[in-house]
There are 2 protein chains.
Amino acid sequence: MSRYDPSAFPPFAVTVDLVVLTVRDHELCALLVRRGEPPFQGYWALPGGFVRPDEGLAEAASRELAEETGLRAYSAPGHETAGPGAAGAHLEQLATYGHPQRDPRMRVVSVAYLVLAPDLPTPRAGGDASSARWAPVTELLGKSPADGVPLAFDHGLILADGVERARSKIEYSSLATAFCPTEFTVGELRRVYEAVWGVVLDPRNFHRKVTGTPGFLLPSGGTTTRQGGRPAQLFTAGGATVLNPPMLRPES
Amino acid sequence: MSRYDPSAFPPFAVTVDLVVLTVRDHELCALLVRRGEPPFQGYWALPGGFVRPDEGLAEAASRELAEETGLRAYSAPGHETAGPGAAGAHLEQLATYGHPQRDPRMRVVSVAYLVLAPDLPTPRAGGDASSARWAPVTELLGKSPADGVPLAFDHGLILADGVERARSKIEYSSLATAFCPTEFTVGELRRVYEAVWGVVLDPRNFHRKVTGTPGFLLPSGGTTTRQGGRPAQLFTAGGATVLNPPMLRPES
DNA sequence: GCAAAAGTGTTGCGGGTACACCCATGT
DNA sequence: ACATGGGTGTACCCGCAACACTTTTGC
């Protein structure tokens with residue numbers, strides 16, 4: 001009773017959906033594509049598509065990401081946890097959504113992936129999306145549920161889960177560096193934390209904290225004045241993936 | 001190019017697999033069933049089965065759990081995060097596994113769920129499993145990969161991910177109470193932490209910590225001497241789901 | 001000089017650890 | 001009486017928040 005005859009298993013469609021986040025203009029933004037066909041024609045949606053018969057789930061997510069943005073993403077094979085590559089984007093599995101009626105056409109199970117990317121040039125539309133854009137998550141996610149812009153399918157829920165994951169994960173991992181270019185300053189990293197958490201942090205204590213956490217930052221030797229003021233040291237992401245002690249998010 | 005014709009989507013089988021954990025005899029144990037048919041006939045495997053055409057993923061996991069153990073599980077609908085019910089088991093989505101060759105028969109995508117349950121009477125076999133048992137995870141997971149008992153399919157990997165999730169989640173959430181009966185003592189809760197983390201904790205500091213964390217424990221009024229010694233206060237799980245400050249796991 | 005951002009020093013406080021110590025039961 | 005586990009008090013230590021203060025550039 002607990003299993004069906006495998007030769008007569010119920011057929012499902014399996015897709016991947018991508019929550020692609022970046023920091024632009026001091027704001028956390030998500031990549032959206034406009035749907036060019038029903039259902040939800042004209043709505044904004046998360047990028048994604050069907051998993052092909054012979055590819056893995058992370059592989060499908062990576063392929064869709066490249067098709068939509070040209071980004072190369074790095075994830076640890078086989079596991080949901082990933083190691084951040086200094087260049088390129090971080091990709092990890094987020095969660096799977098399979099409500100029976102989430103797609104009116106058929107039974108679709110969607111495996112959502114979270115991508116953290118450095119600031120990119122304006123996105124190029126790909127596939128069946130008639131256009132694409134970066135949207136600040138504060139506009140997409142109102143304080144109350146179903147506030148802000150409605151997205152296609154259950155993508156508003158998926159986006160909210162992805163943002164929540166990103167916000168909590170930069171506390172105890174070095175993932176915030178995935179939002180930065182290869183070389184970055186402590187101040188730029190701090191602005192990432194401030195944008196993702198929506199808070200202001202003390203620059204002095206932040207500096208001490210991140211430079212004092214072993215394995216978080218690697219001095220690259222150079223300096224820059226691109227933020228104005230005194231020249232700042234440049235760093236690259238260190239090898240550490242888990243931060244000890246963690247960064248502390250001020251209570252909202 | 002990025003999407004298939006939806007009317008010709010590639011067909012997948014979708015299953016749920018369960019990582020059911022409990023604490024027995026001071027040890028963290030997982031529920032296994034013996035496979036009665038190929039492939040992997042005679043191997044131990046995680047309980048699970050196919051998702052039915054009209055049920056949700058968490059619903060399928062809950063149904064399989066009831067079929068295998070008789071347990072009722074509680075999860076927050078729609079979200080992967082769940083609220084712990086004092087009685088009954090905690091259920092949350094773990095991750096999804098979809099390597100193209102993970103099942104030799106066909107393309108199967110499996111959504112794994114993590115269940116934390118109080119100590120149960122000996123499990124009853126259900127469905128197509130010829131028997132079932134609780135196995136200490138230390139025996140199943142060797143220090144090196146592919147050490148210990150080999151499980152069917154990629155279930156060893158899924159189990160490892162589930163155990164890791166449980167170990168980290170009891171740090172910052174009140175989930176450890178899901179391993180306890182409705183009423184429990186501080187000492188019993190401490191033994192849960194010790195079993196899951198594989199460490200010994202200072203009873204005095206542990207007591208102060210958990211009773212001082214708001215919303216973690218609710219005094220039920222009664223006392224018990226079932227552990228010997230001075231009578232201990234009985235508690236039930238408080239409403240809090242997130243622990244502030246978190247429990248600190250001693251560095252291994 | 002002045003503004004702006006990068007860094008360093010210092011102090012106070014809160015929470016953790018490591019104990020010493022007392023309490024209430026069963027045998 | 002003694003063993004066993006429950007619970008409280010206290011002293012030290014480390015890490016963070018909250019500043020004051022110095023450094024090095026562009027304008």
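To find a chain, count down the sequence lines: A is the first, B the second, and so on, and within it residues start at 1. Small disclaimer: the values here were computed from a predicted structure and weren't measured.
Distance CG (A/Asp202) to C1' (D/dG15): 15 Å, rounded to an integer number of Å. Atom-to-atom, CG of B/Asn244 to P of C/dG15 comes out at 10 Å; the value is rounded to the nearest Å. When the P atom of C/dA6 is taken as reference, atom CG of A/Leu234 falls 11 Å away, rounded to whole Å. Separating the CG atom of B/Leu248 from the P atom of C/dA18 is a distance of 12 Å, rounded to the nearest angstrom. The CZ atom of B/Phe206 sits 18 Å away from the P atom of C/dG15 (whole-angstrom rounding). Distance B/Met247 CE to C/dG15 C1': 13 Å, rounded to the nearest Å. One can place CZ of A/Arg226 at 17 Å from C1' of D/dG26, the figure rounded to the nearest angstrom.
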Any chance you could list the contact pattern along nucleotides 5-14 of chain D? Use B for base contacts, S for sugar-phosphate-only contacts and - for none, protein heavy atoms under 4.0 Å, 5' to 3'.
BBBBBB----
Verify ring pair (Phe, Tyr, Trp, His ring centres under 6.0 Å) between B/Phe206 and B/Tyr193, making sure each step is shown before the conclusion.
CA-CA 10 Å; B/Phe206 183 88; B/Tyr193 275 91; 5.6 Å; yes
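Note on B/Lys209: every side-chain N or O is 4.0 Å or more away from OP1 and OP2 of C/dG15.
With rounding to the nearest 0.5 angstrom, the CG atom of B/Leu116 is 11.0 Å from the SG atom of B/Cys180. Here B/Phe184 contributes atom CZ and B/Thr236 contributes atom OG1; the two are 6.5 Å apart, rounded to the nearest 0.5 Å.
Taking the salt bridge (charged side-chain N to carboxylate O under 4.0 Å, His left out) definition, one finds that B/Arg167 meets it with nothing, sequence neighbours left out.
When only modelled atom types and interatomic distance are considered, A/Thr22 and A/Asp119 share no side-chain donor-acceptor pair under 3.5 Å. Judged purely by distance below 3.5 Å, without hydrogens or angles, the side chains of B/Tyr97 and B/Asp17 never pair a donor atom with an acceptor atom.
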